[in-house]
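Below: the structure, in C-alpha cells.
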Amino acid sequence: MIILGINDSHDAVACLIKDGKILAAVGEERVQRIKGVGGFPRHAIEACLKSANVRKKDIDHVAVATKRLVPNNFYNTSATFTIRDHWRLQEKYFFPLLYEEKTPKLMEVFPDYKPLGDMAYPLCGVPFMTTAELRGSEMEDIQKTRLSFTSKYFDLEPDNISYHDHHRCHAFYAYYINPNKSEDMVVVTSDSGGDSAYTSISIVGNGIFKKIQEARNSLIGKIYTSTTLLLGMRPDEHEYKVMGLAPYATEYHKAGPRDIFLDALKVDGLDFVKASDMKDFFFYFKEKLNIFRFDGIAGGLQDFVEIRLIEWFQNIVKKTGIRNIVFSGGVANNVKANKRLCEIDCVDSFFVPPGPGDESLAVGAAYCAVYEMLGPQKALDVIAPTKNAFWGPNVDSSNYECFKNNPFVLQNYRVVDNCSLSEVAKVIARGEIVALCIAKMEFGPRALGHRSLVADPSNPQSARKLNDLIKKRDFWMPFTPSIMDECYDDYIINPKKIDSSFMTITFDTTELGRSHLKAAVHPYDYTARPQNVTKETCPTYYQLIQEFKEISGVGALLNTSLNIHGKPIVMNPIDLLNEILLNQNIPLNYILIDSTFYVRREVLDIVQH
C-alpha cells in the first residue's frame, strides 16, 4: 500500500511511504525556495512522486496531520510575516484583544496582506483571521475546504483521506523512526500548540500506544517564541539564535531574567501551572524584562527551559517507571536542553529524531494511518526504522545540465570530472571551504553532508570565512562537527551512547575534541552538536572525512548547511547558482556536485585527478 503523508500547516511537507518504508520526504520550502512556507505542499508532493517513480493515481491513501488547522496558517503568515509584522500583530491585535476588551480583526490590522508562495488551497473560502475570531461553523468550513481540495487533487474518495491529531503525529514519527526501540518507552511531545494541546505523554509497549497525558499548560514553546521576538529576532525561526547566545551570559546578568521566567511557569506533576497574572506570552515578559540585558535574557530563558524540562521529565519517569525516553515536537529542537535531559540519572536512553518540529508531521501522519489500518503489532512489524534521513531526491539531472551550461559557470569555473575524494580532502586541508551537493537530499532542518558547506574543523579561520563571506550568520553561532564513527569517542563525551546521528543533541567535548574541533564547537562552553557519521549510513561523506583524516589527522569536518542566511537549504545545483554564486559578495571557490568538482578559475591552485 502506498500512503502519502501531508503537513499543510507552516513548514509544509510531503512524505511517501510504501508498505511502511519511506520512499521520499521533501519540505515544500526546498522546492518553492521560501523558508518555512506552509499550505498544501503541491510542489513537495510532485518532488516525492518523481523521486520515488510513483504516479499520483498509484496513491491508495492520503494521511494529513493536524485535525483543526487554524486559518492564518492557510495564509502562510509564519513564512511571510517580518519581525515588524510580528510586532504589529502583538501591539495592534493581541494587546487590544487581551488588555482593552476590544475585538480587533486581523484583516483590519493587515489590510494589504499578501502571502508569499504558491498557496494551492482556494483562499477565497477561508477567512483571514486567528482562532480568537473563529466561530465553530467557520472551523468546519476550513476542514471542508481541506478535504474537498485534497479529494479532487488526488481523485480519491473522502474515505481514503484521513486527518490525524497533531501531537499523535509527533509521537508516532519519533517512536517509529527510532532505530533503538526498547520493550517499553515513553514518548513525550512538546511544542507551541497543535489541535488545542501543547504536550502529550504516551507509554508504548510492543507497539501499543497508551496516551496518559495531553495538556495545554506547558507554555515553554510559547514563552521561548515570544522572547525571541522581544529580542528582535524572528519567532518560529530564530529561537536557535537565542539558544546559541545563551552560554555567553554571566550568572550576574541571567539570574534576574531566570527568576522571572521560573515564576511564570511551574511544574505540577505531569502538567504545568502558569502565573495567575500572565494573560499573554509577550507583554507580560516585555514589561518584566525591560531592565535586563539581551544576553542575560537569553541565558535566563535557556536556564528556565532546562530547569523546568528536567523537573518534568523526572516526574514522567517517576510516574511511569520507564527510563527510556523519546522526545519530539518543536521544543525538542532545543539541543542544549536535550543535553541536560540526557544527563538525568533516571534516564537510561534518550532519542530525538531528525527534524522533530512540525516538518516531520507528514511522516507521523502516514505512520498513524498504518497503525490504524493494520493495528499495533503489524504496524510495528511493517514500519522500518531508519538509520539515516536521506529521504529527498538525488541531484536532478536536467537541473544539473542547466547549472553546468550556465554562462556564469562556464566563464568562472574549471571542471574536474570524476574527481577523487582524496583531492577534495586536500583542498579542505589547505583551509578552503567546499560546497557539497551530492546524492539524496537530507530531510529536516539540518544538513547531514549531502547539501553542506564543509571545512577544516581545527582551523578557526574556517568559521570566520564561512560567517563573513558566505553564511552571514551571527558571530556567536557555532557550527557542527561531522565525526567519523571511529573517532567519535575521542572527541565527544557521551557515556550513555545516546544516538547523535542527526544533530539533535549537544554534548561536552574531550580535550582532544576541543583541539581538533575548535572551529566547530561552541566557542564559550565547548559543547558540540555532533553528527556521528558511519560508513553504513553515509558512505560518500564518510569517505571524504576518512580521506581528510589521512591528510590532517583530524577525523571530522566542520559542517554547515548549504544555503545563505534566510533561504532554505539548497535542493539542486540551480538553487546554488541563483542564490549563492550569482551573489557577487559570496565567492564560493570549490563545489562538488556528485563526482564533478568545480574550481573557480582565478584560484591558482591546480586540482589534479
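On a predicted model such as this, the values are computed, not experimentally measured, just so you know.
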Counting only N and O atoms by type, is there a donor-acceptor contact under 3.5 Å from the side chain of Asp11 to the main-chain atoms of Gly38? no
What about the rings of Tyr173 and Tyr367, do their centers lie closer together than 6.0 Å? no
Residue pair His450, Ser452: steps toward the side chain to side chain donor-acceptor pair (under 3.5 Å) verdict: CA-CA 6 Å; His450 286 189; Ser452 292; over 6 Å; no
Heavy-atom closest pair, residues Ile59 and Leu49: CD1-CD2, 4.0 Å
Nearest non-hydrogen partners of Leu453 and Ser561, listed with the distance: CD1-O, 3.7 Å
Flag for Thr527-Lys336: side-chain donor and acceptor within less than 3.5 Å: yes
Would you check if Tyr240 and Asn333 make a side-chain contact, meaning some heavy-atom pair closer than 4.5 Å? no
Residue pair Thr189 / His167, side-chain donor-acceptor N/O under 3.5 Å: yes
Do NZ/NE/NH1/NH2 and the carboxylate oxygens of Lys35 and Glu29 come within less than 4.0 Å? no
With no hydrogens and no angle check, do the side chains of Tyr541 and Ser482 hold a donor and an acceptor under 3.5 Å apart? yes
So ring-ring contact (aromatic ring centres under 6.0 Å, His included) across residues 20-41, not counting sequence neighbours, yields Phe40-Tyr121, Phe40-Phe149, Phe40-Tyr153
Testing the 3.5 Å rule here: is there a donor-acceptor pair between the side chains of Glu486 and Tyr542? yes
Check each of Asp191, Asn7, Asp195 against His166 using the side chain to side chain donor-acceptor pair (under 3.5 Å) test, and report the only one that passes. Asp191
Would you say NZ of Lys57 has more than 12 non-hydrogen atoms from neighbouring residues, nucleotides or ligands within 6.0 angstrom? no
Regarding Glu157 and Ser151, do their side chains bring together a donor and an acceptor under 3.5 Å, going by distance alone? no
Ring centres of Phe327 and Phe313 under 6.0 Å apart? yes
Any donor-acceptor pair under 3.5 Å linking the side-chain atoms of Asn324 with those of Ser182? yes
Pick from Val126, Leu123, Leu69: which one makes a side chain to side chain contact (heavy atoms under 4.5 Å, CB included) with Thr145? Val126
Specify the closest pair of heavy atoms between Met373 and Met1, including all atoms of both residues, with the distance to one decimal. SD-SD, 3.4 Å
Side-chain (Arg451) to main-chain (Met571) donor-acceptor, under 3.5 angstrom: yes
Do the side chains of Lys50 and Asp396 get close enough for a salt bridge, i.e. N-O under 4.0 angstrom? yes
By the definition side chain to side chain contact (heavy atoms under 4.5 Å, CB included), identify the one residue from Ser9, Cys169, Cys368 that meets it with Leu361. Cys169
Under 3.5 Å, side chain of Asn76 to main-chain N/O of His10, donor-acceptor pair present? no
Residues Lys339, Glu343: salt bridge by 4.0 Å N-O rule: yes
List the atom of Ser500, the atom of Tyr488, and the distance in Å for their closest heavy-atom pair. OG-OH, 2.7 Å
Write down the atom of Val31, the atom of Ala47, and the distance for their closest heavy-atom approach. CG2-CB, 4.4 Å
Do Tyr175 and Ser328 meet the criterion of a side-chain donor-acceptor pair at a distance under 3.5 Å? no
Going by atom types only, do Thr199 and Ser190 share a side-chain donor-acceptor pair under 3.5 Å? no
Do Tyr224 and Phe304 have side-chain heavy atoms sitting under 4.5 Å apart? no
Answer yes if the side chains of Arg529 and Thr480 hold a donor-acceptor pair under 3.5 Å, and no otherwise. yes
Mark yes or no for whether Asn315, through its side chain, and Trp312, through its backbone, hold a donor-acceptor pair below 3.5 Å. no
